[in-house]
Number of protein chains: 2
Amino acid sequence: MARMSSTDRRVELVHAALRVIAAKGVAAATTRAIVAEAGMSLASFHYAFTSRDEMMRELIAYVVENETVAAVDSIPAGGDIRSIIEEAMRAYLKLLIDNPGHEQVMFELMHYAVRTPGLEALATEQYERYRAAVSELLEGAATLTGVTWSMPVNEIARIVVTYTDGFSLAWLSDRDDAAAERVIVFAAESLSRLAVSATQTSDSATPVR
Amino acid sequence: MARMSSTDRRVELVHAALRVIAAKGVAAATTRAIVAEAGMSLASFHYAFTSRDEMMRELIAYVVENETVAAVDSIPAGGDIRSIIEEAMRAYLKLLIDNPGHEQVMFELMHYAVRTPGLEALATEQYERYRAAVSELLEGAATLTGVTWSMPVNEIARIVVTYTDGFSLAWLSDRDDAAAERVIVFAAESLSRLAVSATQTSDSATPVR
DNA sequence: GTCTATAAGGAGATAGAC
DNA sequence: GTCTATCTCCTTATAGAC
């Protein structure tokens, strides 16, 4: 194996670990399985990382840093706010269906982080980043359609993530595409009620309470 | 240790395993940890079960069979349909806050089942049972308040479980009670729109689409 | 039926040659 | 820097005494 900077090696090992985890779960991501996937020797692992724990910390930090919701790229152009939300959620569902392993890894890593002393903060940060990404999407959609949100956008993002996490778990358990889409239709409808047409007075919208 | 029927021993070992998992996660539920928790010898484990895998199958089947949502017992008596839904969800949130380990175990076991060949069906069944329990609650609440549901109750139950799973995950990651309650307020509001006052004609209600 | 003792293998981590 | 070989510990599972 050619020489490689320690940083590159760390990144490569993290990627290999993610592939192993996606294929077989967190429990199967032993140092041996990881180096086999990366095509390295076992000693190289401990040359790059002092311990498996350190690698897992870096892996989760990497995921939290880089894995923002990919669906954020694809704001559908036309339509009203309801259909934009619906289409964005459908796009996310498609990602899930096309690559169930990926989303399951996110869930498993989140549980791992919550369980592991010293890593709890990473789980919190992971969700903050989800909400931040969704918030951007919500603001973009509002601008596009000329509405304003009747609630802090971050609060709405929390509801969106509640929906996406919820139907993702259900889908992972029963793989029922149609049922997930029905939930999405309901979700988009309920969320669009939080949008106020900018030309309306604010109390013409339906407040939540 | 007194003699004990093999069935009793199996049940006791499953309970011990659940305690270990709640405290330290699925990965920490080794046969040794389990028998230590149960106060048995290692050999007793393999007298009761042929393998750890068999125990895990029985454990998940046990959980799926017995762990229906405890909040179902506590339908709040007074109020309209919206406040009943809200109070029931608050009751569930209280369960979560009082015993986070329990709900986390449910999530982890679900992921374990989805990952393990031969156990996928148990994950599906777990969610079906959740929905069945919630469906009962929804029908009870509808009867109590004299409304009918404008959608199949099982579909509404799916949305309810989407909400509860979603805000449970978020709460596990950030422990933000107030944020969870705000989601619950929104959820109850959105769900109550699916209720049609029995004296109204059905099209006076707001359909989802 | 229940125990102690142990087999057999996989895990993380390290020593030391090159 | 990277490798092979190995250490030590912990895992599931079993053998065999009582």
Side-chain angles (χ1 to χ4, degrees), chain A residues 1-61 108-109 112-113 115-119, chain B residues 1-61 108-109 112-113 115-119:
Chain A
M1 172 63 64
R3 291 197 182 174
M4 191 177 277
S5 82
S6 183
T7 340
D8 285 356
R9 197 148 280 239
R10 287 166 76 99
V11 172
E12 193 154 325
L13 282 166
V14 164
H15 282 143
L18 280 170
R19 289 195 297 275
V20 173
I21 293 175
K24 299 189 172 180
V26 174
T30 63
T31 54
R32 291 176 147 81
I34 294 165
V35 296
E37 172 70 28
M40 294 184 199
S41 75
L42 187 53
S44 299
F45 184 98
H46 286 288
Y47 186 81
F49 293 103
T50 62
S51 72
R52 181 179 175 277
D53 259 35
E54 188 195 330
M55 191 276 298
M56 284 299 290
R57 269 200 303 279
E58 184 150 316
L59 181 146
I60 295 181
E108 290 179 15
L109 288 177
Y112 179 90
R115 279 247 182 254
T116 308
L119 265 57
Chain B
M1 173 64 63
R3 290 198 184 175
M4 191 177 278
S5 82
S6 182
T7 341
D8 285 356
R9 196 149 281 239
R10 287 166 76 99
V11 172
E12 192 153 325
L13 282 167
V14 164
H15 283 144
L18 280 171
R19 289 194 297 275
V20 173
I21 292 174
K24 298 188 172 181
V26 174
T30 64
T31 53
R32 290 179 141 79
I34 294 165
V35 296
E37 172 70 29
M40 294 183 199
S41 77
L42 188 52
S44 299
F45 184 98
H46 286 287
Y47 186 83
F49 294 103
T50 62
S51 71
R52 182 179 174 277
D53 259 34
E54 188 194 331
M55 191 276 298
M56 283 300 290
R57 269 200 304 279
E58 184 151 316
L59 181 145
I60 293 181
E108 289 178 16
L109 288 177
Y112 180 90
R115 280 247 181 252
T116 309
L119 265 56

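Numbered from 1 within each chain, the chains take letters A, B, ... in sequence-line order.
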Taken to the nearest whole Å, NZ/B:Lys24 to P/D:dC10 is 13 Å
Closest to the side chain of B:Ala43, out of D:dT14, D:dA13, C:dA13, is D:dT14
Can you check whether any acceptor in the base of C:dG10 is under 3.5 Å from a donor in the side chain of A:Arg32, or vice versa? no
Taken to the nearest 0.5 Å, the spacing of B:His46 NE2 from B:Thr31 OG1 works out to 5.0 Å
| Would A:Arg10 and A:Phe49 satisfy side-chain contact (heavy atoms from CB on, under 4.5 Å), going step by step from the backbone distance to the final call? | CA-CA 7 Å; A:Arg10 287 166 76 99; A:Phe49 293 103; 3.6 Å; yes
Here the distance between atom P of C:dT2 and atom CE of B:Met40, to the nearest Å, is 9 Å
Whole-Å distance, A:Met56 CE to C:dG12 C1', equals 14 Å
Do the side chain of B:Arg52 and the main chain of B:Ala29 share a donor and acceptor less than 3.5 angstrom apart?
yes
A:Asp8 CG to D:dT2 C1', in whole Å, measures 16 Å
All heavy atoms of B:Leu13 vs all of B:Ala48, minimum pair found to be CD1-CB, 3.9 Å
Beyond-backbone contact of A:Ile21 with A:Leu59, side-chain heavy atoms, under 4.5 angstrom:
yes
Ranking C:dG12, C:dC3, D:dT2 by distance to the side chain of A:His46, first place goes to C:dG12
Side-chain atoms of A:Ser41 come closest, of D:dC3, C:dG12, D:dT2, to D:dC3
Between CG of A:Leu13 and P of D:dT2 the distance, given in whole Å, is 11 Å
Atom OH of B:Tyr47 and atom C1' of D:dA15 are separated, to the nearest Å, by 15 Å
Select base, sugar-phosphate, or nothing to describe what A:Ser44 touches, counting heavy atoms under 4.0 Å on all strands.
-> sugar-phosphate
To the nearest angstrom, the CZ-P distance between A:Phe45 and C:dT14 comes to 12 Å
From CG of A:Leu42 across to C1' of C:dA11 the rounded distance in Å is 10 Å
Winner on side-chain proximity to A:Arg52, out of C:dG12, D:dA13, D:dG1, is C:dG12
